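I have placed the structure first, in the form of structure tokens, so that the comments after it can refer back to it.
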Protein chains: 2
Amino acid sequence: MRFSKLYLKTLKESPKEAEVISHQLLLRAGMIKKLASGIYSYLPLGKITLNKIEKIIREELDNAGCQEILMPVLQPAELWKESGRWLKMGEEMMRMQDRHNRDFVLGPTHEEVITDIIRNDIKSYKDLPINLYQIQTKFRDERRPRFGLMRGREFLMKDAYSFHTSEEDLDREYHNMYKAYERIFTRCGLNFRPVEADSGAIGGSHTHEFHVLAESGEDDILYCNKCDYAANSEKAVSNIELTQNDEAEKELTLIDTKNTSSIEDVAKFLNVDITKTVKAMMFKSILETETKYYMALIRGDYEVNEIKLKNAVNSPVELELITDEEFEKLSITKGYCGALKNISEDIYVVADETIKPMKNMVIGANIKDKHYINANINRDLKINKFYDIRMVKSGEPCPHCDGTLEIARGIEVGQVFKLGTGYAEALGAKYLDKNGKLQVMTMGCYGIGVSRTMASAIEQNYDEYGIIWPVSIAPFIVNIIPANMKNQTQVDLAEKLYKNFSETNIDTIIDDRNERLGFKMKDSDLIGLPIKIVVGKKSDEDIVEIKLRKTGETIEISANEVINKVRELIKTL
Amino acid sequence: MRFSKLYLKTLKESPKEAEVISHQLLLRAGMIKKLASGIYSYLPLGKITLNKIEKIIREELDNAGCQEILMPVLQPAELWKESGRWLKMGEEMMRMQDRHNRDFVLGPTHEEVITDIIRNDIKSYKDLPINLYQIQTKFRDERRPRFGLMRGREFLMKDAYSFHTSEEDLDREYHNMYKAYERIFTRCGLNFRPVEADSGAIGGSHTHEFHVLAESGEDDILYCNKCDYAANSEKAVSNIELTQNDEAEKELTLIDTKNTSSIEDVAKFLNVDITKTVKAMMFKSILETETKYYMALIRGDYEVNEIKLKNAVNSPVELELITDEEFEKLSITKGYCGALKNISEDIYVVADETIKPMKNMVIGANIKDKHYINANINRDLKINKFYDIRMVKSGEPCPHCDGTLEIARGIEVGQVFKLGTGYAEALGAKYLDKNGKLQVMTMGCYGIGVSRTMASAIEQNYDEYGIIWPVSIAPFIVNIIPANMKNQTQVDLAEKLYKNFSETNIDTIIDDRNERLGFKMKDSDLIGLPIKIVVGKKSDEDIVEIKLRKTGETIEISANEVINKVRELIKTL
């Protein structure tokens, strides 16, 4: 490719709406263009990188025994009603009606469609297992689309679905896909981490997320500095030691705590350690017409993990905070909640495991500006359940070894998921087993955010000058730049090198534009090409300069040796 | 690939709803699966063929200097209002609203979006010309989706758009794309014909359609048996000789023609040659609130070409037949229309060129059961315009040489189009020319129906046993079939051949299923694989049988020579 022919409009300034670096740089490098909120076109450079990511995914999945298919964007509502998700999905699911007023979904995912295909095609255990994947545009009507390709309304996903005769066979395939994902993200040149995660809304029993590590990541990941353990903060557990407090129970006493605004203030005011205090938070779950109320108790120095709490109370829906009106209705004083024996029967109280060994605690009194001191579990508190509902913090001990958990920010780019039998049951995907008995299939599903992977590669690889693409997904690896377009020797040598590179498998572009060297160098760095070859003053001596985008390293080299040197360098990048 | 692992469910019977052969065979060969009316999933074999077609398209377009992009499915209504197509597109365009009730279109085409990109990016003549393409899912809410992939509601298109500083440069690119299309369809192994076509609803001045020739085609194509001339029936012209009739004008006479029901009957009843008769047909055009009425006159032995008539009256919209009420309102008697001098001023009369030399014609009298004989143009008829509004028939002389036009059925798989300045004008896509003056860009657009190309390849290549894929787009080229899975010599030799073929670039599958030979042969022929290698009884002697799908030819050959022989055969297929 020649820069003179390439459709490319780079921007000096980043558009105001772009908050994160990948969004800024994708726009500035002319790789994407906004059409509407959360909806982008991919311009030539962006499309090349996208194609390279897709190719890596296809190769690794084909090698792992998956088979590619393509399912429609438009999905009839009937299937979603059958699975029960037509109502559940809410406003994030895009819907439309055709000319006959039939309801359709713009596919946010394809569990329903694939299960419909399989239930019609597969009749016998002999046809299982099977793993089918597609790379398809998906739609999600985000309330607040943002961060460019990171959280768009129309985006590219790879989704795969596997069907099995047993949990064991699903385990095998789950591991197979886990390994394929490791190869995919490794080949994309990304620093990533597979982490244990909560199975959430898709349902199912077991899941790992693949996170690209980047400071701008939206998720917190806890990982062990010694072993392989890693989990997102929703799921992370640790091995903190809890010692039973053996104090004698003192008398429950009401204390005025008027001028305190946080649990830290209360502890300071009462001159007790914060580990003696208990915070209480009110949540609710709304399922169809039924609202349930929960109080979560957590030691003052920890935070409640809503996902763990949701699991503790077996809620099928996300929990929400309660309103001021609900506080009043439940006779709970906001800001001074306490799980006293006399609170409403409608409140189910879950206490974190760290509460169990505590004695003589400081708790809210359910009276404005008042706390109790010396509260004790059996004597004073209503607790329906003890459960781990705690956010793990950096520095805590690993649950699997004697290492320490550290915290990092991650961008979720992939997920592998044991779905179990939920969808197969709902949609009737059954097969005849060896004994001729009808059985429900067991399913797995496996996603990769293709466009998001592209953005996350930038979040992890950039500097003040622009993108620094990993070699495997760079739109071009080598950029040959004649320094002075009026110097025929330089131009001729650059063109000769371009011709030679074109005969290799190294994707090469030549910057044959009538522009100054500085301008060309800036464009090259902005769009993130890994290797520049500057053909400058020493062209007379057949000497050119290799410049590495990542390290800034400069290597003078004879034009004859430059291809071999580049091959060598690529291996190290 | 191994048949034992391949996701494949072939059907013995073709589903009832499948009317055309490609639809029947794609379903029976397990290549596609219906999700909803006009909406299909591509299963593994179908997806492989689709990927092969896409690869050919990408390679040829990249070589022709186009650059790939990807534009969104969801397009904001504002752009379509700006171009004026929001209202024009009618019910065939799928629309939806997002959660904020903003209107969106599910892209049936991308002229608006590409022009929006270009008007924002391109400022100077130096950046032109440019040609950008994408392969993207398109949506069209057909009133009656049918014929499987031939007329679906969700389908795959390659669309390209070029931008130029002049008509001449557009001409150059149009030719460039025309040539690229010839290479694409040639590489796909299709017997096709580029034909002149009417520019229709997209607007613009000049267009060619690329038709795959097949008896099941929906379009008639007229082509010269001597030169390159070819046009679809809407556009075709011929060189018929018209001789002025020198008869004296006889007296206009009203005749009772009560028992005649067609113009042929009238001619027979009156004992005149049908070439002395004139048929008249009533049409209308509705543009917003204005309805215009047209009467078309055509010699009795010809048919009116509505598209030519539409062009004759410069109607921006399709013409329609008028209703019984309108006949009454206009005082025209249905079935006995005649362009008499006294008809309503609201009727604009267009007569075909073949009327001009006629004398003493038979025409409808605008009275039930009555015709006039001896009608003459200037004396008796109202004619506003003479124009070629005739359907050309097979056997007429070529307009460009002394050859004869023949008729064939075609399936339109591609179109190249000179759009001109319409969209650029409407959306304000302008650039500064060499003199610093603002100019409107000139556009071309170029489409290929990707999924339709797949279906049309079948319409052209099949027999009673199934599909006969052209080699270049066959899901697999070679199918190695051990005849008897219980014979270890056969299985070993087949596996050895499979291994050897896997090291070549010849896409190969082995049918390692525990099934009878006949069953496997039938499946292979149904899914259309070009070459079977049967490893049978002569395995002891290292001899196998090559069977060609297309010709049925069988070749016995030593296992050692089979790869070279297959390479040789592929060139001839």
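On a predicted model such as this, the values are computed, not experimentally measured, just so you know. Proteins come first, then strands; the chains are lettered A, B, ... in the order of their sequence lines, and each starts at number 1.
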Quick check on [X] against chain A: is it the side chain, the backbone, both or neither that has a heavy atom closer than 4.5 Å?
X      : value
B:L156 : side chain
B:D62  : neither
B:I130 : side chain
B:E154 : side chain
B:L8   : neither
B:E142 : backbone

**Request:** Could you walk me through whether B:E92 and A:R99 pass the side-chain contact (heavy atoms from CB on, under 4.5 Å) test, one step at a time?
**Result:** CA-CA 8 Å; B:E92 281 209 353; A:R99 66 195 298 161; 3.9 Å; yes
**Request:** Using non-hydrogen atoms and a 4.5 Å limit, figure out which bit of A:L79 sits close to chain B: side chain, backbone, both or neither.
**Result:** side chain
**Request:** Heavy-atom distances under 4.5 Å only: say whether A:R95 touches chain B with side chain, backbone, both or neither.
**Result:** backbone
**Request:** Starting at OG of B:S41, measure out to CD1 of A:I114 and round the result to the nearest 0.5 Å.
**Result:** 7.5 Å
**Request:** First locate atom CG of A:L70, then atom OH of B:Y40, and finally report the distance between them rounded to the nearest 0.5 Å.
**Result:** 15.0 Å
**Item:** Stepwise side-chain contact (heavy atoms from CB on, under 4.5 Å) test for B:L35 and A:V113
**Value:** CA-CA 8 Å; B:L35 176 61; A:V113 176; 4.0 Å; yes
Is there a side-chain contact between [X] and [Y] (heavy atoms, below 4.5 Å)?
X      : Y      : answer
B:Y7   : A:I69  : no
A:Q67  : B:M1   : yes
B:N120 : A:K9   : no
A:F104 : B:R153 : yes

**Item:** More than 12 heavy atoms from other groups under 6.0 Å of CD on A:E13
**Value:** no
**Request:** Please determine, among B:D127, B:T137, B:I32, B:I117, the option with the most heavy-atom pairs under 4.5 Å with chain A.
**Result:** B:I117
**Prompt:** Hey, which of B:P72, B:P129, B:G65 has the most heavy atom pairs under 4.5 Å with chain A?
**Reply:** B:P72
Under 3.5 Å, sequence neighbours excluded: what are the donor-acceptor pairs made by side chains of residues 42-53 of chain B?
from  : atom 1 : to     : atom 2 : distance (Å)
B:K47 : NZ     : B:N51  : OD1    : 2.9
B:T49 : OG1    : B:I473 : O      : 2.9
B:N51 : ND2    : A:E68  : OE1    : 3.2
B:K52 : NZ     : B:A474 : O      : 2.9
B:K52 : NZ     : B:D507 : OD2    : 2.4

**Prompt:** Are any of the side-chain nitrogens in B:K33 or A:D116 under 4.0 Å away from the carboxylate oxygens of its partner?
**Reply:** no
**Request:** Measure across A:L106 and B:M96 and return the closest heavy-atom pair with its distance rounded to 0.1 Å.
**Result:** CD1-CE, 4.0 Å
